[in-house]
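Quick note: numbers below take in every heavy atom, side chains included, and nothing from hydrogens, waters or symmetry partners. Lettering of chains follows the sequences in order, A, B, ..., and the numbering in each one begins at 1. These figures come from a predicted structure and were not determined experimentally.
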Amino acid sequence: MRQKLSLIGLVVLLMLSTLTACMGGDSGTAGNNSTVESQQTDNTTATAEAATAQIPDIKSAAELTSFQEAPMLAELVQAGTLEPVEARMPVKEDIMIEPVYEEIGKYGGEWNFPWNGPDDKWGIGMATEEAMFRFTEDGSGVEPNVAKGYDVNADSTEFTIYLREGMRWSDGVPFTADDVVFYWEHMLIPETFSKALYDCYYSVDPVTGEKARADVTKVDDYTVKVTFKHPNVMFLERLAIDNKWFFAPAHYYKTVLPEFIGEQKALEVAKEYGFEDLNTLGMWTGYYYWLYPQRPTLRAWVAKNDMNSDRFIMERNPYFFKVDAAGNQLPYMDRIVLTKMQDPSHKLLETMAGKIEITTFGFTDFTVLKENEQKGDYRVIQWTTPSWSSTGVQLNQTTEDPKLRELFQDIRFREALSVAVDRREISEMITNGLGEPIQASVPEGLPNEQAGWAQQWAEYDTARAEQLLDDIGLKWDAERKFRTFADGSNLTLTIYQEDTADDPRFIELLRKYYQAVGIRTDVKIVDQGSYFDLKYANKIPVSVKSVNIVSLSYRPDELVPLRVITPWFGHYGLFTSSGGKEGVKPEGDVAKILELWDKVKGSKTREEVQEWTDEIVKLHQKNQWVIGYSGPTPVLVVAKNNLRNVPSLVFSDEFRGIGHAHPAQFFLK
Amino acid sequence: MIRYIAKRTLVMIPVSLAVSMIVFFIIQLPPGDFISGYAAKMSASGEVMDAQALAKLRENYGLDRPWYTQYFSWIWGILTSGDFGYSLSYNRPVSEIIGQYMGITVIISLATMIFTYVVAIPIGILSAVKKYSFFDYFATGVGFLGMATPNFLFAIILMFLSFQWWGDPMLGLFSPEFADAPWTAAKWMDLLKHMIIPVIVIGTSNTCELIRVMRGQMLDEMSKPHIVTARAKGLPEWKILLKYSMRAAVNPVISTIGWSLTTIFTGSTITAIVLNLPTQGPIMHRALLSQDMYLAGSWLLLMAIFTLIGTLLSDILLAWLDPRIRLDRKEA
């Protein structure tokens, strides 16, 4: 009897834990998709101007006479276990000078960085990333970072990348062109880390649309050349997104990969790391490499212990290749300490207690953060996001039900749903007035901005909505409560809500508006994983996602149906990615978008790229597949008052989040 | 007695096997699998996850096989080589993960248990002795409050107070300055400071039950004829209390002590999440959510085994402690 009881008890316990898990989901991690308009705090820029006077005006490290290093490294040099700082960095003229935002900093201190364990790898990955080419501060283009410079030939088919002479990996081994060619030949091409070769390495024949793979060759120890068959104008920008780290330590992988040490030995290595098989070893050490202390990197901080520890520690890289304008080797801060937080609210609590040097929050936490600003001794800095909207709705153009699909493809229906909602109320209630009551559109100041788009269908007008629905031929049911299809059959929009990411308050409000014009809605709440699966299976008719991109030419896949990702184009994306074998064949304006994208890919000049991407965006404006009810809201960067050199920039995945502010030059005053 | 124990132990084997199979099956019941959750998380942070990448991941982790194949290879590993499998979300052997969190979990659970008994048993006895006094009402009232307040809520309240008064919500078990330090006296003090909230929170939920059980049992025992006789004989009151009534009254407490075996090794879950404690509970919770079935399955299997052992231990303890039960069994 007792055994039976305990068995039942176990099952109950299991159910309970699943249940509590389902309930505990919505504690606002708006992070990625929250967003806004530029009403930033100007105090950071003001202090920056005041301080510029003290920053030496130096363009090249060759002008510097001496270099300084952190006390912790100086000790090691004294003890004779480490070479002097000059010997650890690239040759003088190849050292990179990292501009500071406010003032020359001082060494020391720890950066407490909350994360929820290795699942959160991208947060720390982006913050510490050192890309071959990185985006400039305003995001209008790229600048060399790990690379020293580059040359492009006239028709953009040959890119020569120059590396820094004397630069070293974090274990002291020289970093040369061989590391780039090795990465290309032994990791990218054989897909060692389970990712197909990135799209940026293909050029497109402007006539046939055929894709041709690039070639990477070593010119000398510090020069590599990437050659394309056809022009690839946007290569560097797309490289900065697709494959930021276009290099890997050959000397390390030669001790790990089965290609060099044999299957048997490699399997032993995998076991040492804790992996079961070789593929997983390849993926984790090759792709999520910054988490492994064994794997040398070029980053400012390198992993020191097991990432599964309660405190994962990254410590300064003694071989880091950047200095400030006064010749101090970066980074300023000694360590990053990643403390595991099981719930997003812990991060908020610890921040309010003033225990976190710098971190980011979605705008939903704005009020609570502001209230505790003094007590926690921090400041809230607003970063803008390149989001088209903060709240909105997308109708899957390829949804399974043929009647719904026809309705969703009807532009009048989308207009009706757009004008049926009072944007001002949404703006006030959902975004605290931070998101403007406007249509989903390219935000001000970004490439491809279209004048007047923000006001398109943005007026609250239920009479117009009724009129449009009548025009489409939607009938009323017997009680005149809900609309039905023309043949009298039931019309219901099923909204799928992702339990952790989507705002339930917004969805409730949305349902109220839709019901007012007779549109019946239904909500299904699913977890992140199921949502992902459902999207792949084309089972999501209506979703409340928004579009978040800096520039169409950098990252097209949210607006051009290249694969399954953005909900509105559903299985059009599958059609492209499967080469026409699966999915739904794009027609009309969607097919046109794909044609235009091929033209972008085949462009010979930047002007051409601009022209064709503008055309694509105009089709988006015309069709408004992505409907928005409020403008973007800001991301909040919360920094302790004694943490300096924190600017206010654009927060986006393309620019690597907080990494765009170059954390190596943050310091504690 | 030995025969009895042997019989009980034998029965445990098929029961734990059945439990393991049911558990493994249930974990896989929700739609999707570990990879779909993982892929969703990664694409939310900007990683490109296409159908090919997913298929490859599934193949790597062996998730493309039917669940019973996965189950049998897992259970075979446990039976033949004690290998509990491989955690998908941690990319490490399950046994390593369980080992990492075991120490702290056991420390907290034991501290909590001791707290519960030390607080509850004297209060229970006193409440019985001073029946319907102010103390009785007060202790009962506080106890019920402790039981009725959900643990996580109580934890939040204490955290809030701690944040208001000291500006520190006391998350986790160590202050940052001690986290990597060797075990010095100061570090122990720091740990003790951080353990106050969890021990009180987790402890109070059981305290009330124990107080009530103790009180009820004591009241029953105190009016029994042999107590009256002892009192008539002129034995001092404290001796009657401790030697006669209490000894009989702790029976129900002892008989349930074995059941706490599971709790000792798993620790509490929700409270640990709220307080950000590095114990087993939250690890298992996450394993269940992400359908990391080898980790979750191993856990539930261990819990089942602990429950079975605990029950057996309770029975043995009881027989050893209480001659009446021992005799009963002999006659039967």
Is it possible for you to check whether B:K41 lies under 6.0 Å from the centre of the six-membered ring of A:F532, through NZ or CZ, and within 45° of that ring's axis?
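Relative to the ring axis of A:F532, which defines the angle, B:K41 lies outside at least one limit.
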For [X], does the [atom1] atom have more than 12 heavy-atom neighbours from other residues, nucleotides or ligands under 6.0 Å away?
X	atom1	result
A:K375	NZ	yes
B:W183	CH2	yes
A:Q374	CD	no

Using a cut-off of under 4.5 Å on heavy-atom pairs, state which of A:D653, A:N372, A:N308 scores highest against chain B.
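The residue among A:D653, A:N372, A:N308 with the greatest pair count is A:N308.
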Could you tell me which non-hydrogen atom of B:I273 sits nearest to which non-hydrogen atom of A:Q342, and how far apart they are?
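Heavy-atom minimum between the residues: CA-OE1, 3.3 Å.
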If you count heavy-atom pairs within less than 4.5 Å of chain A, which of B:A53, B:A296, B:A39 leads?
B:A39
Could you have a look at B:A40, B:G62, B:P93 and say which one has the most heavy-atom pairs with chain A under 4.5 angstrom?
B:A40
B:Y38 vs A:W284 aromatic rings, parallel, tilted or perpendicular, using cut-offs 30° and 60°?
tilted
So, B:N60 versus A:T280: side-chain donor-acceptor pair below 3.5 Å or not?
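Short answer, no.
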Residues which pass ring pair (Phe, Tyr, Trp, His ring centres under 6.0 Å) with B:W166, listed by chain and number, not counting sequence neighbours
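Listed in chain order: nothing, the list is empty.
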Side chain to side chain contact (heavy atoms under 4.5 Å, CB included) evaluation trace for A:K121 with B:M42
CA-CA 9 Å; A:K121 46 188 163 296; B:M42 289 307 109; 3.5 Å; yes
